[in-house]
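Okay, structure first, notes after.
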Amino acid sequence: MGSAVRAAVDTALHDWLGKRAGLPLWQLLGLELPPRPTSVTIGIGTPEQAQKRLQDWLQQIEVKAVKVKLGSPQGIAVDQAMFDAVLKVLPSSVDLSVDANGGWNLPDAVDMAMWLADRGVTYLEQPLSVEADELLSKLHQQAPLPIFVDESCFTSRDIPRLAADIDGINIKLMKCGGLKEAMRMIYTAQTHGLKIMFGCYSNTALGNTAMAHLSPLAHHLDLDSHLNLKNDPFAGAAIVNGALVPNHLPGLGLAYHAA
Ligand SMILES: [Mg+2]
């Protein structure tokens, strides 16, 4: 069964469990709110498009963290031009991270890690392609930034082989197959001394709310996809001071309204 289908069943069961107990899932798990702020994402585009996207985000919500997508097929000079454009409109207090989505080779990844560290980036996600996992140890030795993996790490079973060569993992509900496996990944990562981030695909508020319940356990959060939707059929966790905060209703605290 595909991971997204397993995630659907698992998420519904966690919602039911919370409702049976009369507690929001975060409380049932003994967690405390609020979580850290979530980042908002700037996709690859021209420097002008990237600036416009950031300006739109700044108008939409209180932005405390920004994730910039790099790894342009046109090379790192194009990445640097786009990143510099973002920096020009970025408020100074905003936390900054970069996701290369596997777009760099090893020399470019080392160069970019140094270049981005000089510009205040906090961590670097998936700099190398999945096929280049064996080069992570060389990158890890040379890069001045924490290295997180996303596409290289689907479930808890992927963590032990990667752990020595990375600093953290990106957990996604639809990628790992549910909240139970997400918890298993968290505990496996903690055992290996790794940091944890939560990400998303093009989830509605349902998927991001589900992960928001676990989010006090994460060091970095990137749960912004539903904020891009015009007619999200779900409402749940809400943005408060830049953080995606679950409510106090039992279960996941979701409301559904047909679009
Ligand atoms: Mg990613």
Side-chain angles (χ1 to χ4, degrees), residues 1-8 10-11 14 35-36 38-39 41 43 65 67-71 97-106 108-110 112-113 116 121-203 207-208 210-225:
M1 201 198 301
S3 60
V5 178
R6 278 183 278 123
D10 164 286
T11 304
H14 279 86
R36 290 155 208 261
T38 184
S39 56
T41 304
K67 176 159 115 173
V68 182
K69 294 270 195 180
L70 298 180
S97 60
V98 163
D99 183 359
N101 283 111
W104 295 330
N105 58 29
L106 179 62
D108 282 352
V110 172
M112 284 302 288
L116 293 167
V121 166
T122 314
Y123 67 95
L124 181 56
E125 188 185 329
Q126 197 70 38
L128 303 172
S129 74
V130 176
E131 291 77 30
D133 276 352
E134 76 279 1
L135 299 176
L136 279 168
S137 97
K138 278 190 181 147
L139 175 63
H140 197 224
Q141 286 161 24
Q142 297 176 66
L145 281 177
I147 305 292
F148 282 62
V149 285
D150 177 1
E151 288 86 349
S152 291
C153 181
F154 272 68
T155 71
S156 54
R157 283 191 291 270
D158 297 314
I159 296 172
R161 74 181 162 82
L162 295 162
D165 303 324
I166 58 173
D167 300 287
I169 58 164
N170 184 349
I171 302 173
K172 293 175 178 169
L173 185 67
M174 303 302 165
K175 185 174 68 166
C176 72
L179 293 167
K180 178 151 186 164
E181 176 58 24
M183 292 291 284
R184 201 177 287 128
M185 290 181 84
I186 290 165
Y187 295 135
T188 308
Q190 285 174 340
T191 304
H192 285 87
L194 298 176
K195 294 218 160 156
I196 291 144
M197 74 169 286
F198 289 176
C200 54
Y201 294 125
S202 299
N203 298 347
N208 288 340
M211 288 300 277
H213 280 267
L214 307 191
S215 64
L217 294 166
H219 303 89
H220 301 286
L221 297 165
D222 181 37
L223 300 173
D224 63 337
S225 59

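These values consider heavy atoms only, across backbone and side chains, with no hydrogens, waters or symmetry-generated copies. Starting from 1, each residue takes its place in the sequence as its number.
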Considering only heavy atoms from C-beta outward, does the side chain of [X] approach that of [Y] to under 4.5 Å?
X	Y	value
Asn105	Asp108	yes
Val149	Asn170	no
Gln190	Ile186	yes
Leu173	Cys200	no
Leu70	Leu116	yes
Leu106	Val110	yes
Ile159	Leu194	yes
Met183	Leu217	yes

Between Thr41 and Asp224, does the side chain to side chain donor-acceptor pair (under 3.5 Å) criterion hold? Intermediate values first, please.
CA-CA 7 Å; Thr41 304; Asp224 63 337; 2.9 Å; yes
If a pair satisfies ring-ring contact (aromatic ring centres under 6.0 Å, His included) and one of its residues is in residues 171-193, list it, with sequence neighbours excluded.
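Every pair satisfying ring-ring contact (aromatic ring centres under 6.0 Å, His included) with a residue in residues 171-193: there are none.
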Side chain [X], main chain [Y], donor-acceptor under 3.5 Å:
X	Y	result
Ser97	Leu124	no
Asp10	Arg6	no
Asp165	Leu162	no
Asn101	Gly103	no
His219	Met197	no
Ser3	Met174	yes
Arg36	Pro216	no

According to the salt bridge (charged side-chain N to carboxylate O under 4.0 Å, His left out) rule, which pairs have a member within residues 124-134, sequence neighbours left out?
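Qualifying pairs, neighbours excluded: Lys67-Glu125, Asp133-Arg161.
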Could you list all the salt bridge (charged side-chain N to carboxylate O under 4.0 Å, His left out) pairs where at least one residue sits in residues 147-156, not counting sequence neighbours?
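Listed once each, the pairs are Asp150-Lys172, Asp150-Lys175.
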Starting from the C-alpha separation in whole Å, work towards a yes-or-no answer on side chain to side chain contact (heavy atoms under 4.5 Å, CB included) for Glu181 and Ile171.
CA-CA 9 Å; Glu181 176 58 24; Ile171 302 173; over 6 Å; no
The criterion is ring-ring contact (aromatic ring centres under 6.0 Å, His included); which residues satisfy it with Tyr123, sequence neighbours excluded?
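Phe148, His220.
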Going by ring-ring contact (aromatic ring centres under 6.0 Å, His included), name the residues that satisfy it together with Phe198, two or more places apart in sequence or in a different chain.
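For Phe198, no residue satisfies ring-ring contact (aromatic ring centres under 6.0 Å, His included) once neighbours in sequence are set aside.
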Residues in side-chain contact (heavy atoms from CB on, under 4.5 Å) with Ala8, at least two apart?
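By the side-chain contact (heavy atoms from CB on, under 4.5 Å) rule, Ala8 matches no residue at all.
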Could you go through the side chain to side chain donor-acceptor pair (under 3.5 Å) check for Asn203 and Ser225 one step at a time?
CA-CA 6 Å; Asn203 298 347; Ser225 59; 4.8 Å; no
Working to the nearest 0.5 Å, report the span between [atom1] of [X] and [atom2] of [Y].
X	Y	atom1	atom2	answer
Thr11	His213	OG1	NE2	10.5 Å
Gln126	Ile169	CD	CD1	12.0 Å
Lys69	Asp99	NZ	CG	4.0 Å
Leu214	Met185	CG	CE	12.0 Å
Asn208	Ser215	CG	OG	10.5 Å

Should Lys195 and Asp167 count as an ion pair when the cut-off is N to O under 4.0 Å?
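Judged by the 4.0 Å cut-off on N to carboxylate O distance, Lys195 and Asp167 do not form a salt bridge.
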On a heavy-atom basis, which atom in [X] and which in [Y] lie closest, and how many Å separate them?
X	Y	answer
Ser156	Arg184	OG-CD, 3.6 Å
Gly199	Leu223	O-CD2, 3.5 Å
Asp158	Ser152	CB-O, 4.1 Å
Ala143	Ala113	CB-CB, 3.8 Å

